[in-house]
Amino acid sequence: QVQLVESGGGLVQPGGSLTLSCAPSRWTLGYYAVGWFRQAPGKEREGVSCISSTDGTTRYDDSVKDRFTISRDNEKNTVYLQMNSLKPEDTAVYYCAADLWGDCSTWPQASEFESWGQGTQVTVSS
């Protein structure tokens with residue numbers, strides 16, 4: 001399994017922006033589809049976005065479409081989630097997860113992702 005580390009969370013005002021990063025402790029992330037998921041208190045985990053390992057195909061949940069952008073920099077071995085126009089309902093712990101040779105076709109099914117990070121807290125509040 002690939003151990004993943006998320007970073008970039010924090011407290012931001014509504015309408016603000018944050019960029020989350022996901023990087024493996026070892027191995028090459030380029031071989032993996034990477035999904036971002038989030039879980040708010042008292043709610044089930046939900047898929048936010050996914051980027052494939054092959055052709056860079058991206059997918060987004062309707063709640064974040066046009067506000068969030070997922071990208072990968074294979075030279076830096078990192079996947080990013082740029083979050084703009086943040087809303088209080090975006091408050092959650094955000095997790096990244098990796099699916100070897102995945103194409104995001106099964107996302108947001110979390111069971112397809114073999115490796116997970118510990119999560120980073122995002123709080124949107126004034």
Side-chain angles (χ1 to χ4, degrees):
Q1 284 187 341
V2 175
Q3 185 174 0
L4 299 170
V5 178
E6 304 97 336
S7 61
L11 173 64
V12 64
Q13 293 187 342
S17 298
L18 282 175
T19 300
L20 305 183
S21 299
C22 173
S25 57
R26 297 176 59 189
W27 311 109
T28 301
L29 199 57
Y31 299 144
Y32 295 80
V34 175
W36 284 97
F37 298 80
R38 66 186 180 186
Q39 188 166 19
K43 295 187 177 181
E44 294 187 354
R45 181 173 54 193
E46 62 179 359
V48 177
S49 184
C50 185
I51 187 166
S52 75
S53 64
T54 53
D55 60 1
T57 297
T58 58
R59 298 183 65 187
Y60 297 92
D61 184 77
D62 286 344
S63 66
V64 305
K65 201 172 294 184
D66 299 326
R67 298 190 298 122
F68 291 10
T69 303
I70 191 170
S71 63
R72 67 192 312 151
D73 185 334
N74 288 337
E75 288 190 3
K76 294 184 178 179
N77 209 26
T78 301
V79 168
Y80 303 97
L81 185 68
Q82 173 69 42
M83 306 186 296
N84 299 325
S85 302
L86 283 162
K87 305 175 181 180
E89 50 263 43
D90 294 319
T91 295
V93 177
Y94 283 71
Y95 302 88
C96 67
D99 175 19
L100 183 62
W101 300 119
D103 61 3
C104 298
S105 60
T106 58
W107 179 88
Q109 294 181 29
S111 60
E112 297 297 318
F113 291 81
E114 305 96 9
S115 301
W116 290 76
Q118 294 299 308
T120 185
Q121 176 70 47
V122 172
T123 302
V124 185
S125 174
S126 55

field: Residue pair L20 / W36, side-chain heavy-atom distance below 4.5 Å
entry: yes
message: I'd like to know whether F113 forms a ring pair (Phe, Tyr, Trp, His ring centres under 6.0 Å) with F37, so could you lay out the CA-CA distance, the side-chain angles of the two residues, the decisive distance to 0.1 Å, and finally the verdict.
response: CA-CA 11 Å; F113 291 81; F37 298 80; 5.3 Å; yes
Does the [X] side chain pair with the main chain of [Y], one donor and one acceptor, at a distance under 3.5 Å?
| X | Y | result |
| --- | --- | --- |
| S53 | G102 | yes |
| Q39 | V93 | no |
| D73 | K76 | yes |
| E114 | L100 | yes |

query: Any chance the side chains of Q13 and S126 put a donor and an acceptor closer than 3.5 Å?
result: no
- request: Look up atom CD1 in I51 and atom OG1 in T57, then write down how far apart they are to the nearest 0.5 Å.
  value: 8.5 Å
- prompt: How are the rings of F68 and Y94 set to each other: parallel, tilted or perpendicular (split at 30° and 60°)?
  reply: tilted
message: Does T123 form a side chain to side chain donor-acceptor pair (under 3.5 Å) with Q121? I'd like the steps, not just the answer.
response: CA-CA 6 Å; T123 302; Q121 176 70 47; 3.3 Å; yes
query: Does K43 have any salt bridge (charged side-chain N to carboxylate O under 4.0 Å, His left out) partners at least two apart in sequence or in another chain, and if so, which?
result: none
Residues that D90 engages under salt bridge (charged side-chain N to carboxylate O under 4.0 Å, His left out), provided they are two or more places apart: R38, R67
